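So the structure is just underneath, and the comments pick up after that.
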Amino acid sequence: MRVAILRFPGSNCEPDAYRAVAREGGTPYYLFHRDTDLQDADAVILPGGFSYGDYLRAGAIARFSPIMPAVERHAADGKPVLGICNGFQILCESGLLPGALERNAGLKYLSRPVDVRIERVDTPFTAHYRKGDVIRIPIGHGDGRFTAAPETLAELEQQGQVVLRYVERPKVDAPGNPNGALNDIAGIANRDGNVVGMMPHPERLADPLLGSEVGRRFFSSLVQWKRPALVSHA
Amino acid sequence: MSFRVHIRVMPRRGLLDPQGQAVERALGALQFAGASNVHVGKAIELDVAAQDEASARAAARAMCDKLLANPVTEDFEIAVEPK
Amino acid sequence: MSFRVHIRVMPRRGLLDPQGQAVERALGALQFAGASNVHVGKAIELDVAAQDEASARAAARAMCDKLLANPVTEDFEIAVEPK
Amino acid sequence: MTIATPAAAAQPYPGDPALTPELVREHKLNDREYAEIVGMLKRPPTVTELGVFSALWSEHCSYKHTKPVLKTFPTSGPQVVQGPGENAGVLRLPDGWAVAFKIESHNHPSAVEPYQGAATGVGGILRDVFTMGARPVAVLNSLRFGPLDDPRNRYLFAGAVKGVGDYGNCVGVPTLGGEVTFAPGYSGNPLVNAMCVGILRETDLIRAKAHGVGNILMAVGARTGRDGIHGASFASEDLSEASEARRPQVQVGDPFTEKLLLEASLELITSGTIVAIQDMGAAGLTSSSAEMAARGGVGVELDTSKVPLREAGMTPYEILLSESQERMLVVVEPHRIPEVQAICAKWELGATPIGRVTDDGLFRVVHNGITVAAIPGQSLVEDVPLYYPEKAESPAAVARRSATPSAAPATDTAGALLRLLDDPTIASKRWVFEQYDSTVQANTVLGPGGDAGVLLVEGTNFGLAVTVDCPNRYVALDPYQGGMMTVAEAARNVACTGAVPLGITNCLNFGNPDRPEVFFQFAEAVRGMSDACRAFGTPVTGGNVSLYNESPIGAVDPTPTVGMVGLLADVTTRIPSAFQRPGDLVAILGTTTGHLGGSMYWWLIRDFLGGPPPPCDLAAERQLQRFLAAAAAERLLHSAHDCADGGLAVAAAEACIGEPYTSQPLGAGIHLEQPAGISPEGLLYGEDGARAVVSFAPDDVDRVRALARELGVPLAVAGSVTGPGTALRITVGSQTLAWETTELRRTYLEAIPRRMSA
Ligand SMILES: Nc1ncnc2c1ncn2[C@@H]1O[C@H](COP(=O)(O)OP(=O)(O)O)[C@@H](O)[C@H]1O
Ligand SMILES: [Mg+2]
C-alpha cells in the first residue's frame, strides 16, 4: 500500500504518520506541497502541524497548494484520504469534508488525552476496530471545535458520517469533549466514507515502546484496506 | 490607482463566539457595565491597485470569497478608500 | 442611548506582522496581483450604552487601553455609530 | 606623548549623531571601558562602533562580571562531546547518538511583553540547538512570577505561558517539562527561562567557527527590521521606569518561519553544504559574526547595505544591532552559494551574501562603500574588561537563616495539606502544560506532570529524561546549600524516572552584581552547584547568565535554574511518579529528620519564610540516584516520586492524585514512625532532601529491600496503595490523619485555574 504523506510548509507531524504507516508494513513516502502528482498513491495522509503558521485560519492557505487538485481527484475516485488535526482542517477548508474547525471553546490550545468512541468501522482507517470501542489518544490543537450549519450537522448524523466522538468516562475530573465540538464530533467522513478527518492523533500512540499503541489500528486498517467492489448507485 | 481596503471578517450571527463572550465577561469584570453584544473577528487591511473604487471592491470581495473569510462560519464587510 | 462601536486593533507599524505577510504571499499566489501592504488584526464590535457619542467613544478608548489592545504592540481605531 | 596611528580607519555614517560623553553613557559604557576602546582602536570610535562595543561588552554578551566565577564549573567527563562556549553543549549517548541542550533566559523582554518575550525566548533556544546540527526533540520552561492575586502577575503569567506554547507548538517540538514558582520577589521582574534538547548523530556535529579566508557570510531567514535594537544592553540593566520608556521595539516571533529555518538549517548541515552556522540572537548580526570570527581566529567584513531589510532607510548601526528573530548567519565556500540558495528556496527562505571571511583579523563593516567600523576582532570579543565585584553576605540574610517562626505552631495538621496543595507553587501545573503540545513527534513516554519528562530517542530503544529545577527559596536562604540542592533536585527528578543523570546546563538569574550581597549569592550558588556536579559526575555543558533582575521592589530571589538530561538505557523501564496499582506496597527512601527550615510549611502555615534550608547530603543523593536507576533496570518499581516542596505529605498526596483522566484518585495507608524529638509537622511537611516515595508489588519487597541495603539507601516499607476513591491515611505515632483523595485532587487541580478565572 503506497501512502503519500503530504508536507506543507509548517507541517510537523509528517514523520509521525510516516513511522506509523511503515510500522504496519505500508510504503509511506513524502510529497511536497509544490508537487502536482501523487505518484501512484493508494492513499493520502494530510498530517498535523501548522501549515502556513495557521495564520488567518488553520488550513486556509494550505488548501490552495499545487498538490491539492491531485488530492481532490484521488478522493473523487473513492480512494482513501486521511486528515489528522491540521490535515482535517485543510480538508474542511478545501470542501472535501463539510463543516469547519473553530477556536476551542476554552480559547486555549489543548494538549491532553481524550477518550473517543469509534462510531464507524467501514472506513479504510477504522476497519480494525470494533464499533463502540473507546480508545484514549492525545489531542494537541487550538482550533478543533467542529462546527457546521444545522442542516449539515443533521445530515452528517443521518448519513452516519461521524467516525469518532468524544466520550466522557465516569468520575474523571475533566470534560470528555475538550473543545466544545458540536455533537461531540472528533472525526467525520465524507458521504462515501473514503475521506476521513479527525482531530486526535492516533499516530502518537502507535509505538510499543511508548507504553500504549491503541492508535495503531488506524494504520493497520489502512495498510490492509481492500477497496470494496464497486456497487452501482444507478 | 491604489486604494486602501479595510475588511472586517466576523463570526456569523447565531454561531457560538466564545472569544466575544470572553471579552464581554472581561469587560464586565473591569466594570465597563455598558458593554454588550460583543463580537470578535478579524480586521484585514491592504492596498489594492485597481482602475477605480468599484473594481477595488470587487477584487476585495473575490479575496474574501476565496481566502479571507470562511463561508461556513464567517461574514465579511468591505470598506474602500482612495489612498 | 446605545451605540454600536467598531474597534480595529492592528499590529503596530514597524513590528513584524507574520500573519499579514503570510496572507500577502497567499494572495499573491492566488493571482491577486494588486494586493500589497497587508496587515491582519482584530475587529471587535460591541454595543455601548452611553449618554452621547463622545462618551461612548471615551468608554471604548478606555476599554482598548485596559483590555482590548496591547499597548506595547498594537494600535487601535474606534468608530461609533448610533444604533 | 606621541599620537599612535589608528589600528584601522573608519568613518562616521552620514547622519550619525556626534560622539559625546552622553552618547557613550547611553550606550552603557563606563569611562574605563571607553578608554579601553580608544586604546584598542587608537582613535575615538565611530557611532557604529560604539553600538558594536555596547552590545558585545554588555553583560549579556560578554559575561564581564561572571567569567572568572563560571570558570570554576566542572565541565569535563567522558560523556562530554562539547562543553561550554558553543551555541549548546553536547553529551554522548549510546550507538553514535548525542544530545545537545541549552537553557536561556528571556526575562527582560517578558517583563515588557510576556507573550512575545516568552515566544522569542523559545525561538532563540531552539536555534541554539539546531545550529549544532541537532534536531530539537523537547523544550522545557522555567517560569517565575509574583503572586497571582495581582492582576498584572496574572497577565504576565498567562501571556508567557501562551507565548511558550504557541511557539513550541507551531514548530512542532514537544514541551516535556518545566516548573512554575510564585513569590513576591518576582513581581515586576518575572523570570522566563527556556530550555531545548536536541538529538544528533555525533558525526553531524557542527561548530560555529568561521574559517577559510575568502569564504562568504550569508544571511538566511527573516528580513531585518528595527526590532529589539539594544536588546542585549537592555537585558543588562535593572527594570526601572526609565527602561520602560526607552524599551526597544518589541521582537515579534514567527514560529512558522522558525520551522522552515529549522528544516533548512538541518538540511544545510547534514548535506555538508556549509562551513559554519550561528543564529543571530542577542546583538544580532554583530555578535554572531564577531563571535564566529573570533572562534575561527579570522577577520570578517560585512556589507550591511546587502542585508535584506524589512524597513527602508535603516542605518548600518541599526542593521548591526537589530534583534529581528528567525535569522541565521551561515559561512559558505563561494562555489556552494547556489546550493545553499536552492536549499533555502525549497524552504521558502532567502539566503543572501552579506560579507566574507578576511585575513586581517578585523571586524570591518562597510555600508554603501563607506567603512563605518573597523575593530580588531579578537580584542572586540575577548578583551572586554573584567570585573571582580565584591561579595559579602547581607546581615539580613544571615539573620533570616538563623530565625525561627514566632507564630504559634499550627493546630490543624491535616488541614495544612490542603493549604499546601492549594498554593500555586505546589499545585498542579496542568493549566500550564496542557497549553503545550507534549506528544508531537510521537516519542513522548512520560509527559509533563511527573518528576521529569521522558522521551524515546527515535530509532533506538533508549530514552532521555529531562527536567528543569531551582528551589529558589533555599538559594535565597543559603546560596551554597541551595546551589547544591538545585542540582540535587534536578538529579533526583531525573532519577525518579529510572534514568541516570548525565549532565546539566544552567541559567543563572540574579540581581545587580555590583551589590556585594548579590554577588555573594552568585558566587556561592555556583560553588554549591559545582560541588554537586562533581559529586554526581554530571558536568556543566553550558548555560546563560541573566543579571540585573531587579525591579523597584528589589532583587529577585537568586535563581540558578538547572536543566538536566539523564539516560534510560531501556526506555520501557521508565517509572511514572503516581501510584499505579491498589495493593502495591509503599516505601519511603532516605532519611527524614523533620527539617522545617526554609519549608513551604513554615511559609504558608506559619507565615514565616526563613530558617536554614535543608542541608544537602550529596552522598545520600548519589546513593538514592543509584538505587532508583538500579531498581528501574530490574523493573522493580511501579512508581517513584521525590519529596520536595511540602515534604512527604505532599509527595504522597501527589502520588495518589495522579492524572485527572483516571477515574478517581487512588488512596494509600501509610504509617510513619515518630522518632523522639521530631514533630508530626516535621515528619509530614519537612523538606529533607534525598528522599522519595516509591511503590512496588508485594512480591518484590525482599528484592527491593536487598537492593536498598546493597546501595546504602535507608528504606522504610510504610504501607500500601488502596483502591480508587479511598482516602489517604497517614499514621504518625498514635495519631491518624485522613484525607479524601477526591478532595485532594480537586484542590490540587483547581488552585491555578480558579485564580486565573478570577
Ligand atoms: N512550566 C511548565 N511547563 C511544563 N511542565 C511543567 C511546568 N511546570 C510544571 N510542569 C510539570 O509539572 C511537574 C511538577 O512540577 P513541580 O511540582 O515543580 O515538580 P518537581 O518539584 O518534581 O520539580 C514538573 O515536573 C513538570 O512535568
Ligand atoms: Mg519532583
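All of these numbers come straight from a predicted model, not from anything done at the bench. Residue numbers begin at 1 in each chain, while the letters A, B, ... track the order of the sequences.
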Heavy-atom pair with the smallest gap, counting every atom of C:Ala22 and A:Ile61: O-CD1, 3.9 Å
Given C:Leu30 and A:Phe64, is the side chain to side chain contact (heavy atoms under 4.5 Å, CB included) satisfied, shown in steps? CA-CA 8 Å; C:Leu30 287 174; A:Phe64 293 107; 3.4 Å; yes
Residues, nucleotides or ligands: over 12 heavy atoms within 6.0 Å of C:Gln51 CD: no
Quick check for you: to the nearest 0.5 Å, what is the distance between A:Tyr52 atom OH and C:Gln21 atom CD? 14.0 Å
Toward chain C, the part of A:Leu56 with a non-hydrogen atom under 4.5 Å: both
